[in-house]
Amino acid sequence: QSNQTNGPHVSAFTADSNDSNADILELVLADAPAAAAYALVTSRFRIPAGDILPLPDGGLRVRFPLAATRWGRKLPAPPSGSYTLRWNSGGEAIGPQDPAVPVSAEAARDFPSVLLPAARVRGLRTAAGAMAVSISAPLAGNETGTFHQYRLRREVFGASAAPELTPGIFFESFGGKSCTDSPRAISDYLAAAGFDEPLYWSVADRSVSVPEYAVPLLQGSEEWYRKLASTRRLVNNNNFPWYFRKSPGQFYLQTWHGTPLKKIGLDVPQRVLSLSYRDLTQMAYEGKLDPVIGREQEIRRVIQILIRR
């Protein structure tokens, strides 16, 4: 309570798209200095306040545009995460070290969960009483939550599922957090060579930019599940989720990542491996996975295989 008396506190939260189709978060602050700086912050990313509008009662209406610039690219939304509202009275750039803006439990109960074009956002109160905004991928109502994700997995990867294979290549890199590494090199090469089938890229959220020629697939969406199960060729530098099962006739190229100076597969001590990784290793040992293909010297051969299959 003392924090709310001596500094700004949040009284309302909304989210919407403006006339320019840009997604905006809007917070109303009481006892808030107009000259202070405000930002929504995680340990790795910051959303600075855009417009700060004074209200007749002495409060402030603070707007945060979701559109972000990352690595020189303009993106419709920031990376997914829980962003804490922080401030400092000096008007300087905000960081995780700055004080959090509190919100009462009563006010937080009325905060909505809103599906915007670029993200799903939800206002919340942390265990410490601070104002935070959860930003995640813009999954539809029948795709978000434990129940719907379980339902989609059962429908697509259940024992009775028999997807018909479709043309194209399904790419993923580092769990959908980027479009980089060996899968990107293969993807770019195929696009430049005039490959005439869809090149899909799995992305964790709308903060991940994809090449102009690619078709983005949002992880956890119904389309993502069905394309993962039915696209004829798959390329990944990591593992797909534990529930993934390769459909009959699919070709799965695992490029791995990093350097060859490490232990993988059966050479890794079992105590440091997850159960899903051990299951995958056992499948490889039993010959249920496609052969491992090398790197530099074989890359052109890999591309020829992908085009032909």
Side-chain angles (χ1 to χ4, degrees), residues 1 3-4 7-32 36 38-43 45-68 75-87 94 99-152 203-208 218-222 224:
Q1 185 66 33
N3 285 340
Q4 294 192 13
H9 61 274
V10 176
S11 59
F13 165 78
T14 58
D16 203 352
S17 296
N18 63 17
D19 295 338
S20 302
N21 293 322
D23 293 342
I24 302 290
L25 307 181
E26 187 172 280
L27 290 92
V28 175
L29 277 60
D31 302 324
Y38 303 91
L40 291 164
V41 179
T42 68
S43 60
F45 204 83
R46 178 168 55 93
I47 308 173
D51 298 331
I52 299 180
L53 307 174
L55 299 174
D57 61 2
L60 295 177
R61 189 182 305 276
V62 185
R63 292 174 176 161
F64 297 88
L66 282 189
L75 303 172
S80 296
S82 181
Y83 288 73
T84 302
L85 179 62
R86 298 186 180 275
W87 76 294
I94 304 292
V101 178
V103 61
S104 68
E106 181 180 5
R109 276 196 293 269
D110 296 328
F111 291 165
S113 175
V114 183
L115 176 60
L116 300 171
R120 180 177 287 277
V121 299
R122 179 170 59 92
L124 55 91
R125 183 176 187 262
T126 69
M131 175 68 203
V133 179
S134 172
I135 300 177
S136 58
L139 296 178
N142 62 351
E143 297 170 337
T144 189
T146 302
F147 171 79
H148 289 300
Q149 287 295 299
Y150 177 76
R151 173 183 58 81
L152 288 169
V203 296
D205 52 41
R206 295 300 186 208
S207 74
V208 182
L218 197 60
Q219 284 184 357
S221 66
E222 182 174 355
W224 180 84

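Computed from heavy atoms alone, side chains included, the values below leave out hydrogens, waters and symmetry copies.
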Fill in: Spacing of T84 atom OG1 and L40 atom CG [to the nearest 0.5 Å]
8.5 Å
Worksheet entry | Shortest non-hydrogen contact between A132 and T126, atoms and distance | CB-CG2, 3.8 Å
Worksheet entry | Shortest non-hydrogen contact from A108 toward R125 | CB-CB, 3.8 Å
Discussion item. Closer than 3.5 angstrom, by distance alone: can the side chain of R206 be matched with the main-chain N or O of P117 as a donor-acceptor pair?
Written reply: no
Worksheet item: Is there a donor-acceptor pair closer than 3.5 Å between any side-chain N or O of D23 and the backbone N or O of A118?
Response: yes
Item to complete: For side chain to side chain contact (heavy atoms under 4.5 Å, CB included), just list the numbers for R46 and I94, CA-CA rounded to whole Å, side-chain angles, deciding distance to a tenth of an Å, and then say yes or no.
Response: CA-CA 8 Å; R46 178 168 55 93; I94 304 292; 4.2 Å; yes
Practice prompt. For residues P65 and P48, report the shortest heavy-atom separation together with the two atoms involved.
Written response: CD-O, 4.1 Å
Discussion item. Please find the pair of heavy atoms, one from S207 and one from L75, that lie closest to each other, and give the distance.
Written reply: O-CD1, 2.8 Å
Practice prompt. Write down the atom of A204, the atom of L218, and the distance for their closest heavy-atom approach.
Written response: O-CD1, 4.1 Å
Worksheet entry | From OG (S11) to CG (L29), nearest 0.5 Å | 7.0 Å
Worksheet item: Would a 4.5 Å heavy-atom cut-off, applied to side chains only, mark L66 and V121 as touching?
Response: yes
Practice prompt. Fit a plane to each ring of F45 and Y83, take the angle between them on a 0 to 90° scale, and name the class: parallel (under 30°), tilted (30 to 60°) or perpendicular (over 60°).
Written response: perpendicular
Item to complete: Answer yes or no: is there a side-chain heavy-atom contact under 4.5 Å between S80 and I135?
Response: no
Worksheet item: Side chains of D31 and P8: closer than 4.5 Å at any heavy-atom pair?
Response: no
Item to complete: Please round to the nearest 0.5 Å and tell me the distance separating atom CD1 of I52 and atom CZ of F64.
Response: 7.5 Å
Worksheet item: Nearest 0.5 Å, what's the CZ-OG1 distance between R86 and T42?
Response: 10.0 Å
Practice prompt. Take F13 and V103, measure what side chain to side chain contact (heavy atoms under 4.5 Å, CB included) needs, and give me the verdict at the end.
Written response: CA-CA 10 Å; F13 165 78; V103 61; over 6 Å; no
Fill in: Chi angles and distances behind the side chain to side chain contact (heavy atoms under 4.5 Å, CB included) call for L53, L60
CA-CA 6 Å; L53 307 174; L60 295 177; over 6 Å; no
Worksheet item: How long is the gap from OG on S136 to CG on D205, to the nearest 0.5 Å?
Response: 8.5 Å
Worksheet item: Looking at E222, Q149, Q219, which one forms a side-chain contact (heavy atoms from CB on, under 4.5 Å) with L139?
Response: Q149
Fill in: Interatomic spacing from CG in N142 to CZ in R151 - rounded to 0.5 Å
6.0 Å
